[in-house]
Amino acid sequence: MEKEIVMVKTVINNLHEYKKDSILTPFFMILEVVMEMIIPLMMASIVDNGVAKGDMAHIYKMGAFMFVAAIIGLTVGILGGRFGARASVGLAKNLRKAMYDNIQTFSFSNIDKFSTAGLVTRLTTDVTNVQNAYMMLLRMGTRAPFTLIFAMIMAFTISARLSSIYLGAVIVLGVILFFIIRRTTKYFDQVFKKYDDLNASVQENVSAIRVVKAFNREEYENKKFTRATGNLYKMFVNAEKMMVLNMPIMQLTIYICILLISWFGAKSIVVGTLTTGQLMNLLTYCMNILTSLMMLSMIFVMITMSTASLKRIGEVLAERPDITNPQNPVFNVEDGSIEFRNVSFSYNKNSEKSVLSNINISISAGETIGILGGTGSAKTSLVNLISRLYDVSDGEVLVGGRDVRSYDLETLRNEVSVVLQKNVLFSGTILENLRWGDENATEEECVRACKLACADEFIQRMPDKYNTYIEQGGSNVSGGQKQRLCIARALLKKPKVLILDDSTSAVDTATDARIRKAFAEEIPGTTKIIIAQRVSSVSAADRIIVMDDGEIAGFGTHDELLENNEIYREVYESQTSGGGDFDEKAGEE
């Protein structure tokens with residue numbers, strides 16, 4: 001029950017400016033029902049008092065009233081539909097915005113809880129389900145029960161004995177519907193997880209289509225997609241097997257009720273306890289009651305589906321960022337000095353082994369620090385703590401002499417610029433992508449940043465130069481070009497700390513050397529941390545950190561580590577024993 005209350009609150013809290021529409025829709029639906037209930041009474045009056053008695057004036061009078069009631073019913077029905085559409089579409093818009101806004105506040109640890117495909121499904125399919133259910137709830141959810149109640153009341157005023165047939169049918173159908181809904185709910189809870197798998201398959205295939213074709217894996221991907229759609233198909237078939245029972249049972253009940261009312265009603269007319277017009281009324285109300293029951297069954301199906309969707313939406317809205325601003329944040333980073341004090345870190349709080357253990361490092365402002373280590377040695381985890389993409393489990397990380405947790409997040413991340421391993425370019429021009437670093441940057445500043453990152457040389461060869469359009473994900477530039485554009489974007493922030501997380505891996509060593517030389521000459525006051533797999537990329541650094549299994553295995557200059565650190569020496573010898581990198585000399589020049 002508590003979950004249901006939370007879900008109702010989720011809807012109410014996101015109606016905002018559409019609350020008025022949500023109130024007016026049921027109001028107009030009730031008026032429409034009233035008009036529909038009045039019309040059969042007028043028809044009965046025409047038959048009993050007009051046709052039977054030959055009173056044409058009465059027929060004209062009741063006909064006029066019926067016409068007015070029909071016009072009013074049509075008008076309020078249109079208004080109800082209009083306001084209902086506004087309310088449901090508005091709710092969908094607000095839910096998507098609320099989720100999207102909340103996702104933007106997520107830290108990396110929050111994002112790790114949801115798959116990308118899962119978030120896409122929640123923002124699209126799940127919200128659409130809630131939108132359709134809310135529309136049906138406002139209109140049919142008001143219309144059906146009120147029609148049922150009014151029709152039942154009107155029928156009992158005509159003949160309580162015959163109307164008991166309706167009451168029995170309602171009870172029987174209500175029990176059957178309850179069991180059908182109960183059985184199908186578990187299937188719909190699982191359906192949307194299958195949607196996540198389907199979206200994940202599509203997203204992965206489309207984003208990596210070049211790799212798929214390069215390795216001739218189209219058949220494998222087709223089988224994987226077919227498997228995902230097959231699982232979704234099975235879940236829907238299992239749910240529909242139960243739901244299809246609803247319609248024939250409803251139809252059978254309607255026919256039985258019509259037969260019983262016609263049979264007993266005819267007898268009542270013969271004995272004079274019922275008029276022909278009243279029997280017509282009862283048959284009309286019979287159809288109204290049973291049609292309302294069919295509508296209610298459809299509403300329950302939609303609610304069942306949307307409940308699963310709303311639950312998933314609520315999970316995103318209820319998620320609170322693990323990393324937030326302190327109460328009185330600091331808005332100024334003094335310099336680029338960095339210090340790790342007894343730092344330990346784990347992605348999972350319940351994990352027995354930490355990703356980083358007992359890290360103690362002190363880096364002066366303006367230093368160039370290299371980080372070297374094997375795959376899985378926690379190099380990226382180490383630098384992610386500096387810009388507070390994650391929080392430490394124990395100890396503290398200081399930037400500019402203060403704990404990173406004391407800074408305003410925006411201030412810290414503007415001063416600690418990170419070029420991640422998997423940086424992404426967005427659809428738009430090169431200039432638009434560069435201005436992610438500084439939205440107010442002039443074209444001259446963008447050009448200077450690109451020259452530092454050795455990106456200007458290939459941009460100038462492009463047909464529209466800095467106005468060249470970049471496709472989604474940067475699919476129309478090479479890996480090395482993408483990395484250099486991402487470095488230039490980070491430089492535009494004019495940070496006190498610049499972190500390059502293996503972000504020159506796709507460029508040749510000559511270009512890598514030129515980038516490092518430009519950094520040393522042009523931004524000497526910026527602390528530079530370079531994660532690399534190549535010794536040549538870090539050998540000229542002021543000091544080098546050697547990582548091994550989440551611990552500091554060595555920290556010193558290139559010469560010191562060659563003399564004292566076995567891991568560093570082995571890596572150096574393995575990379576230089578073949579005569580060095582293919583264009584090492586060009587890089588030195």
Side-chain angles (χ1 to χ4, degrees), residues 8 11-12 15 18-43 65-92 128-158 163 166-167 169-171 173-174 176-178 180-181 243 246-247 249-251 253-254 257-258 281-307 310:
V8 170
V11 172
I12 294 173
L15 281 173
Y18 300 102
K19 288 180 180 177
K20 179 182 174 183
D21 300 286
S22 298
I23 294 170
L24 286 174
T25 302
F27 172 73
F28 286 123
M29 289 297 99
I30 293 170
L31 283 180
E32 185 181 23
V33 170
V34 170
M35 293 301 107
E36 287 184 0
M37 294 301 105
I38 291 174
I39 289 174
L41 291 177
M42 296 177 181
M43 288 176 62
F65 285 150
M66 284 178 64
F67 178 75
V68 172
I71 292 298
I72 294 173
L74 174 66
T75 303
V76 295
I78 291 171
L79 289 172
R82 179 183 176 187
F83 286 114
R86 277 170 53 89
S88 59
V89 174
L91 172 64
T128 301
N129 286 337
V130 172
Q131 174 187 328
N132 292 336
Y134 191 63
M135 176 69 160
M136 187 170 280
L137 193 62
L138 285 179
R139 299 188 65 204
M140 298 298 104
T142 303
R143 179 186 173 86
F146 272 93
T147 299
L148 182 66
I149 293 167
F150 285 169
M152 193 71 77
I153 291 171
M154 301 298 282
F156 268 87
T157 58
I158 296 171
S163 298
Y166 304 148
L167 189 59
V170 169
I171 293 170
L173 289 175
I176 293 172
L177 186 61
F178 171 78
I180 289 174
I181 296 299
M243 295 309 304
N246 183 48
M247 188 60 70
I249 290 172
M250 286 282 182
Q251 293 287 358
T253 306
I254 289 173
C257 285
I258 291 173
N281 266 4
L282 285 172
L283 290 172
T284 302
Y285 290 137
C286 173
M287 293 301 298
N288 285 336
I289 290 168
L290 297 174
T291 302
S292 298
L293 281 173
M294 292 178 67
M295 287 182 183
L296 283 172
S297 69
M298 292 171 61
I299 291 167
F300 280 121
V301 173
M302 288 298 298
I303 289 175
T304 302
M305 291 181 63
S306 65
T307 298
L310 196 54

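Just so you know, residue 1 is the first one in the sequence shown, and it goes up from there.
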Original post:
Distance from Asp21 atom CG to Arg82 atom CZ, nearest 0.5 Å?
Top reply: 9.0 Å
Original post:
Considering all heavy atoms of both residues, which atom of Leu138 and which atom of Ala87 are nearest to each other, and what is their separation?
Top reply: CD1-CB, 3.6 Å
Original post:
Is Leu24 close to Phe28 at the side-chain level, that is, under 4.5 Å between some pair of heavy atoms?
Top reply: yes
**OP:** Would you list the pairs meeting side-chain hydrogen bond (donor to acceptor under 3.5 Å, both in side chains) in which at least one residue belongs to residues 138-158, sequence neighbours left out?
**Re:** Glu32-Arg143, Glu36-Arg143
Subject >> Step-by-step side chain to side chain contact (heavy atoms under 4.5 Å, CB included) determination, Thr25 to Tyr134 >> reply: CA-CA 11 Å; Thr25 302; Tyr134 191 63; over 6 Å; no
Original post:
Can you find a pair of side-chain heavy atoms, one from Phe83 and one from Ser22, that are under 4.5 Å apart?
Top reply: no
Subject >> Nearest-0.5 Å distance, CD1 of residue Ile30 to CZ of residue Phe146 >> reply: 3.5 Å
**OP:** For Pro145 and Met140, work out which heavy atoms get closest and say how close.
**Re:** CD-O, 3.7 Å
Subject >> Nearest heavy-atom neighbours spanning Met29 and Val76 >> reply: CE-O, 4.2 Å
Original post:
Going from CD1 on Ile39 to CZ on Phe65, what distance comes out if it is rounded to the nearest 0.5 angstrom?
Top reply: 13.0 Å
Subject >> Verdict with supporting geometry, Gln131 and Leu91, side chain to side chain contact (heavy atoms under 4.5 Å, CB included) >> reply: CA-CA 7 Å; Gln131 174 187 328; Leu91 172 64; over 6 Å; no
Original post:
With distance as the sole criterion, is a donor-acceptor pair present between the side chains of Tyr18 and Ser88 under 3.5 Å?
Top reply: no
